[in-house]
Protein chains: 2
Amino acid sequence: MTPVTAAERSDAARNRERLLLAARDLIEQGGAAALTMDRLAEHAGVGKGTVFRRFGSRAGLMLTLLNDSEAAFQARFLFGPPPLGPGALPMDRLIAFGTERIAYVVEYGDLVLAAGNASRGRFEVPAVALWNQHVEMLLRAGGVESREPGLLAGSLTATLDPERLLHLIREHGVTSERLAASWSELVTRVAGSA
Amino acid sequence: MTPVTAAERSDAARNRERLLLAARDLIEQGGAAALTMDRLAEHAGVGKGTVFRRFGSRAGLMLTLLNDSEAAFQARFLFGPPPLGPGALPMDRLIAFGTERIAYVVEYGDLVLAAGNASRGRFEVPAVALWNQHVEMLLRAGGVESREPGLLAGSLTATLDPERLLHLIREHGVTSERLAASWSELVTRVAGSA
DNA sequence: AATATAAACGGACCGCGGTCCGTTTAGTCT
DNA sequence: AGACTAAACGGACCGCGGTCCGTTTATATT
């Protein structure tokens, strides 16, 4: 059966598998910094051109590497159990969202950072737009009325910027708990006033 | 008269002058992107090593280029006339701070962006710490009591992140006025609740 | 004026992310 | 089986920021 959209060639599929395997391997050994595109190509026994054909850029590769966990995170705040998912009060969901996001950034640290250096800035990543919408929706549902709900939501998500969070954690010894508490306070204050 | 700390050698001073001149020249012609370290060295008639000896890194050069205007900005919010400087109500000063910061980022766009890629992230820049303190001070003075005033202030300044602001302006056509209004709303909300 | 020395100099060199284009190959059509 | 073609391949090549180290030079000292 001939598919409507051209199917992936078998050698391409095999190489993609090899590359992802090699990438995880390199990261496991020496962290995200050890993953250079040249080394990846060599380690996977593949030409450098192939690496870029597959993933477009280093950031694209990181995004692919994160894809599974990102999808899982999205599924949790969109469809998962409360307080993160539907069912809880909007403000509780918002607080949970920040808390979980902080945990996520802590867990995947360097990968998230490396994924952020996309070609056209770290705001083009589709996931970012989704978070903004989600936060905006929760704000509305929580009774927060603003003339610029999108910008207000953006201000809140800016607080969760991975680079900022990791900087505070690594260079200033701030704990995830304090960050989560601060997020909670911020959200509460924003929602609290008329 | 021999100075206590070794004076700058005359050739060094002359070369620094040449380099700054050449740098502004290149930027004027082709924007910040046209300023590569190799071209700068060539344009200034100086070895590449000299460029790095002088400024440490590209970000360091950008910081030097911005030094004057940064200092002027700092002077204005520390000692200048109200509502930005002392004399106005703390919350009005805070709103003015964001508004002026947005205008600053718009004016110096690419330079600010390039200066942000410092060696150890864009949070090491001394000016950032100063803004945080300033915002924190204004929050306190405005009667905002928090268990983590530093983190709360940091969340607010994160909203003013140049990359975010410029992205919204350039890619989404958001005006400075809307950004300033959103900042004002955010600050008001944060200050408004008990 | 000659000497000493610390500072400044310059450019070859490195590894990086990313591009280009001639070559190879998997899948299809006869 | 053989021919055709679009896709995938691979590695030389590029410009970048940044480093290293042998050479030059401004300045203080005598």
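Every heavy atom of this structure was used, including side-chain atoms; hydrogens, water molecules and symmetry mates were not. The chains referred to below are lettered A, B, ... by the order of the sequence lines, with proteins before strands, and numbering in each begins at 1. Just so it is clear, the structure is predicted and the values come from calculations on it, not from any experiment.
- In terms of position along DNA chain D, the nucleotide closest to G45(A) lies nearer the 5' end than the nucleotide closest to the other residue of the pair F52(B) and G45(A).
- Within the structure, a side-chain polar atom (N or O) of S10(A) is placed less than 4.0 Å from OP1 or OP2 of dG27(C).
- For the pair D11(B) and A33(A), nearest-nucleotide mapping onto DNA chain C gives the more 5' position to D11(B).
- Which of dG17(D), dT19(C), dG10(D) sits closest to the side chain of V46(A) comes down to dG10(D).
- Contact annotation for R54(B): backbone-only contact, meaning every heavy-atom pair under 4.0 Å involves sugar-phosphate atoms and none involves a base.
- The side chain of T36(B) lies closest to dC16(D) when the candidates are dA8(C), dG10(D), dC16(D).
- In this entry the distance linking CZ of R14(A) with C1' of dG27(C) reads 15 Å, nearest Å.
- The CZ atom of R18(B) sits 13 Å away from the C1' atom of dA8(C) (whole-angstrom rounding).
- Among dA26(C), dG17(C), dG10(C), the nucleotide with an atom closest to any side-chain atom of M37(A) is dG17(C).
- Counting to the nearest Å, the P atom of dA12(D) and the CG atom of D38(A) are 11 Å from each other.
- When each of dG18(D), dG18(C), dA7(D) is scored by its nearest atom to the side-chain atoms of S57(A), the top-ranked nucleotide is dG18(C).
- No donor-acceptor contact under 3.5 Å links the side chain of R9(B) to the base of dA8(C).
- R24(B) contributes atom CZ, which lies 8.5 Å from atom CG of L21(B) (distance to the nearest 0.5 angstrom).
- Checked for salt-bridge contact, R101(B) and E70(B) meet the test: a charged N lies under 4.0 Å from a carboxylate O.
- Panel note: side chain T64(A), backbone G60(A); a donor-acceptor pair is recorded below 3.5 Å.
- Contact check, N15(A) against dC9(D): a side-chain N or O comes under 4.0 Å of OP1 or OP2.
- Summarising the geometry, the separation between CG on L63(A) and C1' on dG17(C) is reported as 16 Å, rounded to the nearest angstrom.
- The distance between atom CZ of R53(B) and atom C1' of dT25(D), rounded to the nearest whole Å, is 13 Å.
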(request) Starting from the C-alpha separation in whole Å, work towards a yes-or-no answer on salt bridge (charged side-chain N to carboxylate O under 4.0 Å, His left out) for E185(A) and R147(B). (result) CA-CA 9 Å; E185(A) 183 194 355; R147(B) 218 181 303 173; over 6 Å; no
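- Going from atom CD of E42(A) over to atom P of dC16(C) covers 11 Å, rounded to whole Å.
- At the heavy-atom level, R58(B) lies under 4.0 Å from the strands shown only through sugar-phosphate atoms.
- Residue T50(A) places no side-chain N or O under 4.0 Å from the OP1 or OP2 atom of dA8(D).
- If you measure from atom CZ of F55(B) to atom C1' of dT19(D), you get 18 Å, rounded to the nearest angstrom.
- One can place CD of E8(A) at 18 Å from C1' of dT28(C), the figure rounded to the nearest angstrom.
- A donor-acceptor pair under 3.5 Å is absent between the side-chain atoms of R93(A) and the main chain of A88(A), judged by distance alone.
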